[in-house]
2 protein chains.
Amino acid sequence: MGNERIIGATGLEQETGLGKDLLRKWRARYGFPIPEYVREQGGWLYTDQQITQLRLIRRLLDGGFRPGQIVGAPTEHLTALLASLPCGGEICCERPVIEELIELLASNAIEALDERLERERRKCSAREFVIDLLAPLTTAVGDAWAAGKLAIYQEHLCSSLLMARLNEELRGLQAQPNYPRIIFATPGEETHVLGLLMARVVLADSGAECLDLGAQVPAEELNQAAQACRADMVALSFSFAYPRRKVRPELLRLRHLLPASVAIWAGGKGVEAIRRPPAGVSLFSDLGRAAEMLHELAGVRS
Amino acid sequence: MGNERIIGATGLEQETGLGKDLLRKWRARYGFPIPEYVREQGGWLYTDQQITQLRLIRRLLDGGFRPGQIVGAPTEHLTALLASLPCGGEICCERPVIEELIELLASNAIEALDERLERERRKCSAREFVIDLLAPLTTAVGDAWAAGKLAIYQEHLCSSLLMARLNEELRGLQAQPNYPRIIFATPGEETHVLGLLMARVVLADSGAECLDLGAQVPAEELNQAAQACRADMVALSFSFAYPRRKVRPELLRLRHLLPASVAIWAGGKGVEAIRRPPAGVSLFSDLGRAAEMLHELAGVRS
DNA sequence: ATAATGCATTTGTCCGTGACAAAGAAGTGA
DNA sequence: TCACTTCTTTGTCACGGACAAATGCATTAT
C-alpha cells in the first residue's frame, strides 16, 4: 500500500466534492494542490497528504472559514483549526449504540451489523428507529469517514444496507385519509438518496401517500409530475454536499413553477445553514418536526 | 406550456448525457446547438426543437453514426436516419404485457401498474420475473422516453417502483454453500443502479452471497472492499449512458488492481458494444447467461 | 450602540481557445 | 481477405480571462 494515490482530477472530485475547475483555480491562486503528472498512467498523482488536506479544507469551509485563509496551510494548522471548531474534530456519539455500530462497520462485520440493527428495530417504532437511530448513525458514519476511521466503501456498504432496511419498512404502510400525497425527489445535482428515503419512511409511517421520483429530478419535471399525479406536496432532500449557494435559487425556481396549492418541504444537511426559507417553502432540519407538521396539516384538513 | 425550455447547460447534460464541454465544442465545430442567453433567468434557453434534436443525435450516435454526419442536421433528416436503423425508431415490445405496463405508466396509474406487476410476479420465478419482464420493461421504458411517449419523471417513477420491488425480492434469499461472494457496484461515473439491482436479484436468487456498494465506486475503493470482505467476484454494471471509451480502461485498471483470484464480471447496455473483453474480465449482455455461468462455477468448486 | 447601506475584495463557475490522445476511416501491400 | 500504417475525426483537458455572487469592511443613519 503506497502512500500516494493516483486519482484523475475527476476522481478526486468524487472524494472531496471539489470541482476540477476549482482545484485548478486554487492551484493558480494559492499554489495548492499541485499534483504530479505521470505519463505512463496518464493521470495526475496526488499524494495522500494532499488528499487529507483537501478533506480537512472541505470541512473547514463547511465550518465557515474562507479559502484564502486555509487553502495553502500545512496539515497541522488545518487540524488545529478543525479542533477549534464547535463539534469539529469529534465524532458525535450521543448514544453508545451508534459507536458500537460504527465499530462493527469498521471491522466489516456486515451480518453482525444487520442483526444489531434488527434488534434495535424491535425496540421501537419505525419512526423512532429512523429518527433516533438511523439518521444519527448516517451522520456519524460521515464523520467517521472524514476522520479517516472508515473507508468510503464502508460508507457505501452501510448506505446500501440502510436503504434495503428502509425499503422494508416502507412495505405495508397504508396511506391514511386526509393525509397529503407527497412526491419525493432530489434536486438537480443531488445524488444522495438515503436522506430522502428516511424522510419517506417517516412521513409514510405518519400516514402520507408517498411517491418517489429518485435522484436528480429537474424542477420542470418535478412540476409535471406534481400536476399529473395531483400531489399536495413536494419533498426535497439536500445533502451536505449540495453547493450552498444553489439551494435558494433552486427552491425559488421550483416555487415559481409549481401551483401555489402544492406545498414545498425541503430537508437535509444542505438546508440547515439556510436562515430564512424562501416564501412558500418550509425547511426542516429535523424529521420529527416534519412528522408533527404533517399531523397538524391533516388535522386541519379533516 | 411554452414550446421553449430553459435549461442550464448542466441541466441539459442530465437530459441528454452530453457533457458541457462537448456541447461547446459542437457549437464551435458544427454551429449547433446555439442556445440564447436570457439575462433575467441567468441561464441558457434551449428550444424544444434543439432538445429533441439532441436526443435523436444521442440515439444515432449509439447506433453507430459519427457526429460530423448528423450534428448539424435538421430534425426530419435525423428521424429518417433513425427509422433506417435496425430496431431504431420502434419500441421493441416483444411481449404485449410490456406495452400494457407502459400504457399504465403513461397514464400515471401507478397503483395499477404495481398491481399488474404483482400479478405477473406470481406467474413465475424471481429469476424469470427479472430477466423476462423487468429487464425488457426497463429498456422499453427508456425507448418510450426517447420517443417522447413518456416524461422523465415517469421513467423515474417506474425506476423507483422497480427498485422497491427488487429490494423485496432480495429479502429472504439465502446464500448457498460453494457459491461465491460477490461485490456489486457501479463504476466511477455511473449513477444508474437499477441494472445493478436486477443483477443482484438474479445472482442472489441463484445462490450467491451479495454485497452492494451502490453507485460510483472508484476502482481503488472497490479493491479495498473486495480484499477486506474476501470477495470472490466483483460485478459491475455499465448503463447505456456510460461513455464507451472509458469502459475498457476502467476494467483494465480494476483488473490490474485486484488480485487474480477475484473474478470481474461486467454487464449492462454499456458493455454490449465491447467486442472482446479485456483478459480476466467476463462480459455479460444477458443476465440469464450470467446465472448459468454462476452455477457452472459453483459446480466446479464443490 | 445597533442596524443598515454602499464599496472593495474574495471566490467559484463559465467561456473560448488551443493542445492532444484515442478511436475510426482509408489506403497499402501481402 | 487480412494485417498494418497513415490520416482524419472527435472527445476531453488545461489555460487564462471574464464575471457575478458572496463576503468583508467602512461609513452613515437611527
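Throughout, a chain's letter reflects where its sequence line sits, starting with A, and its residues are numbered from 1. All values below were derived from every heavy atom in this structure, side-chain atoms included, with hydrogens, water molecules and symmetry-related copies excluded.
OP1 and OP2 of dC14(C) both lie 4.0 Å or more from every side-chain N or O belonging to Trp44(B). Here Arg24(B) does not reach the OP1 or OP2 of dG16(C): none of its side-chain N or O atoms lies under 4.0 Å away.
Gln49(B) and Thr75(B) are linked by a side-chain donor-acceptor pair at a separation below 3.5 angstrom, with hydrogens and angles left out of the test.
Judged as a side chain to side chain donor-acceptor pair (under 3.5 Å), and not counting sequence neighbours, the contacts of Asp21(A) are Arg24(A).
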Test log, rule side chain to side chain contact (heavy atoms under 4.5 Å, CB included), inputs Leu213(B) and Phe184(B):
CA-CA 6 Å; Leu213(B) 286 186; Phe184(B) 287 80; over 6 Å; no

Could you go through the ring pair (Phe, Tyr, Trp, His ring centres under 6.0 Å) check for Trp265(A) and Phe284(A) one step at a time?
CA-CA 7 Å; Trp265(A) 286 13; Phe284(A) 296 89; 4.6 Å; yes

With the sugar-phosphate defined as primed atoms, P, OP1 and OP2, and the base as all remaining atoms, what B/S/- string results for nucleotides 5-12 of chain D, 5' to 3', for protein heavy atoms under 4.0 Å?
----SBBB

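Note: CG (Leu23(B)) to P (dG16(C)) measures 12 Å, nearest angstrom.
A cation-pi geometry, defined here as NZ or CZ lying under 6.0 Å from the six-membered ring centre and within 45° of its normal, holds between Arg27(B) and Trp44(B).
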Donor-acceptor contacts, no H, no angles, side chain residues 191-199 of chain B, under 3.5 Å, sequence neighbours left out:
from: His192(B); atom 1: ND1; to: Glu190(B); atom 2: OE2; distance (Å): 2.7
from: His192(B); atom 1: ND1; to: Ser239(B); atom 2: OG; distance (Å): 3.4

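Each of Arg27(A) and Gly64(A) was matched to the nucleotide of DNA chain D holding its nearest heavy atom; the match closer to the 5' end belongs to Arg27(A).
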